[in-house]
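Positions are given from 1, in the same order as the sequence printed here. Indexing begins at 1, ligand by ligand and atom by atom, following the structure's order.
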Amino acid sequence: MAIERTLSIIKPDAVAKNVIGQIYSRFENAGLKVIAAKMVHLSEVEAGQFYAVHKERPFFKDLVSFMISGPVMIQALEGENAILTNRELMGATDPSKAEKGTIRADFAQSIDANAVHGSDGADTAAAEIAFFFPGMQVYTR
Ligand code: UDP
């Protein structure tokens with residue numbers, strides 16, 4: 001298995017619920033290391049750029065409004081198979097369909113307020129990490 005990096009966002013609903021620590025514990029228990037992190041209140045422009053791939057989707061406007069409704073916690077994660085491992089920890093996009101014990105099943109309430117984002121492939125992971133952590137200073141241990 002390869003050591004990978006992926007981009008994770010704890011969305012405004014989960015930050016408001018005060019479960020950043022509980023979600024970080026899940027990363028750590030799955031062998032993922034937080035190698036960069038910042039709390040940010042995204043602007044409309046930033047959220048729109050980040051989700052540009054969904055620009056033509058009917059939910060785009062609501063998604064951007066939701067993502068700027070409060071602060072988010074953004075982190076780069078590193079570990080074996082990090083991209084898939086994080087996606088498995090997250091669970092399905094729609095929390096009502098997410099497997100028990102996943103972050104979305106446990107902390108999310110709806111498909112639009114679904115607690116976390118995680119890169120879905122190697123190319124998006126690289127692009128998303130570069131978007132939020134340009135010239136990233138990585139702290140390894
Ligand atoms: N989304 C939504 N309504 C939908 C589908 C997606 O609000 O019908 C939002 C949801 O917050 C999701 C994000 O758009 O997390 C990105 O969608 P994607 O299909 O990439 O899901 P993810 O990779 O986050 O599971």
Side-chain angles (χ1 to χ4, degrees), residues 1-140:
M1 271 194 280
I3 299 292
E4 292 176 337
R5 289 177 181 174
T6 191
L7 193 277
S8 157
I9 304 178
I10 301 177
K11 295 185 179 183
D13 58 322
V15 172
K17 270 194 177 152
N18 202 25
V19 292
I20 293 172
Q22 292 188 57
I23 294 173
Y24 268 42
S25 291
R26 292 176 184 222
F27 297 151
E28 291 170 357
N29 291 335
L32 298 177
K33 294 175 181 176
V34 176
I35 57 165
K38 60 181 179 183
M39 184 177 270
V40 181
H41 196 139
L42 294 173
S43 69
E44 191 172 350
V45 170
E46 286 171 320
Q49 284 172 344
F50 181 73
Y51 276 120
V53 65
H54 294 306
K55 211 167 49 209
E56 306 305 330
R57 309 283 288 277
F59 57 81
F60 177 74
K61 215 166 163 262
D62 288 343
L63 174 60
V64 169
S65 300
F66 168 65
M67 289 299 289
I68 66 173
S69 65
V72 296
M73 190 72 201
I74 308 174
Q75 43 285 324
L77 305 174
E78 184 179 80
E80 276 190 8
N81 247 353
I83 297 166
L84 188 61
T85 300
N86 182 43
R87 294 291 304 189
E88 286 173 355
L89 290 176
M90 289 164 59
T93 308
D94 181 349
S96 70
K97 298 189 178 128
E99 231 174 276
K100 250 183 122 188
T102 60
I103 293 168
R104 282 168 166 167
D106 290 348
F107 300 124
Q109 47 258 301
S110 66
I111 191 165
D112 33 43
N114 63 1
V116 279
H117 165 84
S119 311
D120 60 4
D123 292 347
T124 35
E128 290 177 357
I129 290 171
F131 183 82
F132 281 122
F133 299 105
M136 177 169 66
Q137 173 65 61
V138 175
Y139 299 94
T140 52

Identify each donor-acceptor pair in which a side-chain atom of residues 58-69 lies under 3.5 Å from a protein atom, sequence neighbours left out, and give them as a table.
from: S65; atom 1: OG; to: K61; atom 2: O; distance (Å): 3.0
from: S69; atom 1: OG; to: F66; atom 2: O; distance (Å): 2.6

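Side-chain atoms of R87 come within 3.5 Å of backbone atoms of G118 as a donor-acceptor pair (strictly under, hydrogens ignored).
Using cut-offs of 30° and 60° for the angle between ring planes, the F50 and F131 rings count as tilted.
Rounding to the nearest 0.5 angstrom, the gap separating the CG atom in L77 from the OG1 atom in T85 is 10.0 Å.
At least one side-chain heavy atom of N81 sits less than 4.5 Å from a side-chain heavy atom of E4. Annotation: side chain of T6 is not in contact with side chain of E128 (no heavy-atom distance under 4.5 Å).
Near ligand 1, residues K11, H54, F59, L63, R87, T93, R104, I111, D112, N114 each place a heavy atom inside the 4.0 Å sphere around the ligand atoms.
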